[in-house]
Amino acid sequence: MTEFLGLLYQISGSLDSENLKNLKFLCGDDIRKKELEKISSGTDLFKNLMEKGKISADNTGFLRLLLTNIKREDLLQKLDNFEKYGSGQQDDLPDAAERERLETAFEVICDNLGKPWKMFARKIGVSDAKLDQIQDSHPRDMREQIRQVLKTWQKVRGKDARAAELVVKLRDCKLNLVADNVDERLRTM
């Protein structure tokens, strides 16, 4: 959570007054007018949105929408980096080639896993409490639930995260078709 707050602080520091004005306008349906009038910084706005459950470390969709609408590609890049790598230092991440393999594996798994995603999540070591949190953050989006599970696993494994390990865990769960799809896609990279 502290990493997410750090990201919000960085984003807030990069906003000019016009950006803040536009963000407040975009949040008009989510924040009462009297509250909006009191907001004088990006930090105030993000704090309010967090209190209302609109944004969190596991739920960055609304923040992404806001940054897209104010056309701040530089801030979207910061958000992308946070979503992919958390706040992990570069030396705690797999090398670039393995990160690319992991991203490919994530895409294939998200596209093909389906209902047995919780069994797979437990097999890769994601706790039931974290599963509940992910499910609560993305109640009607199974694909995003699966992606969050994979990102959680990657953050825990750090530089030791390997796409091949995911294939083994898929096979352990008897999800051989998904494992075959991941293997095939990795071979064609």
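Remark: the backbone N or O of Leu36 is paired with a side-chain donor or acceptor of Lys24 at under 3.5 angstrom. At least one donor-acceptor pair closer than 3.5 Å links the side chain of Gln145 to the backbone N or O of His138. Side chain of Arg72 to backbone of Ser14: a donor-acceptor contact under 3.5 angstrom is found. At distances below 3.5 Å, not a single donor-acceptor pair connects side-chain atoms of Arg32 with backbone N or O atoms of Asp29. The closest donor-acceptor contact from the side chain of Asn69 to the backbone of Leu65 lies under 3.5 Å.
The side chain to side chain contact (heavy atoms under 4.5 Å, CB included) test applied to Lys47 returns Glu51, not counting sequence neighbours. With sequence neighbours left out, Gln133 forms a side chain to side chain donor-acceptor pair (under 3.5 Å) with Asp58, Lys130. The side chain to side chain contact (heavy atoms under 4.5 Å, CB included) test applied to Leu177 returns Asn181, not counting sequence neighbours.
Residues Lys78 and Leu75 are in side-chain contact: their nearest non-hydrogen atoms beyond the backbone lie under 4.5 Å apart. Put simply, the side chain of Ile124 does not reach to within 4.5 Å of the side chain of Thr152, judged on heavy atoms.
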Steps toward salt bridge (charged side-chain N to carboxylate O under 4.0 Å, His left out) verdict (Asp141, Arg143): CA-CA 5 Å; Asp141 190 349; Arg143 190 176 201 289; over 6 Å; no

Test side-chain contact (heavy atoms from CB on, under 4.5 Å) applied to Arg122 and Leu131, step by step: CA-CA 9 Å; Arg122 288 182 186 103; Leu131 290 178; 4.0 Å; yes

Pair Thr60-Phe4, side-chain contact (heavy atoms from CB on, under 4.5 Å): steps then yes or no: CA-CA 10 Å; Thr60 58; Phe4 184 64; 3.9 Å; yes

Residue pair Lys52, Glu35: steps toward the salt bridge (charged side-chain N to carboxylate O under 4.0 Å, His left out) verdict: CA-CA 12 Å; Lys52 291 184 175 8; Glu35 290 177 77; 3.0 Å; yes

side-chain contact (heavy atoms from CB on, under 4.5 Å) between Arg171 and Asp180, worked out: CA-CA 9 Å; Arg171 294 198 189 287; Asp180 290 345; 2.7 Å; yes

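The side-chain tip of Lys155 points at the ring of Phe82 from less than 6.0 angstrom away and within 45° of straight on.
Classification of Glu103 and Arg147 as a salt-bridged pair holds, one side-chain N sitting under 4.0 Å from a carboxylate O. The residues Asp111 and Arg185 are annotated as not salt-bridged, no charged nitrogen and carboxylate oxygen being separated by less than 4.0 angstrom. Using a cut-off of 4.0 Å between Lys/Arg side-chain N and Asp/Glu carboxylate O, Asp80 and Arg64 are scored as salt-bridged. One finds no salt bridge joining Lys21 and Asp16 here, because no Lys/Arg side-chain nitrogen approaches an Asp/Glu carboxylate oxygen to under 4.0 Å.
Classification of the Phe106-Trp153 ring pair by plane angle, with boundaries at 30° and 60°, yields perpendicular.
When every heavy atom of Arg162 is checked against every heavy atom of Glu98, the shortest pair comes out as CA-OE2, 3.2 Å. When all heavy atoms of Asp30 and Leu26 are compared, the pair lying nearest together is OD2-O, 4.5 Å. Nearest heavy atoms, Gly42 versus Leu15: CA-CD1, 4.0 Å. Closest approach of Val178 and Asn112 over heavy atoms only: CG2-O, 3.6 Å.
Counted by atom type alone, Gln148 and Glu144 present one or more donor-acceptor pairs between their side chains at under 3.5 Å.
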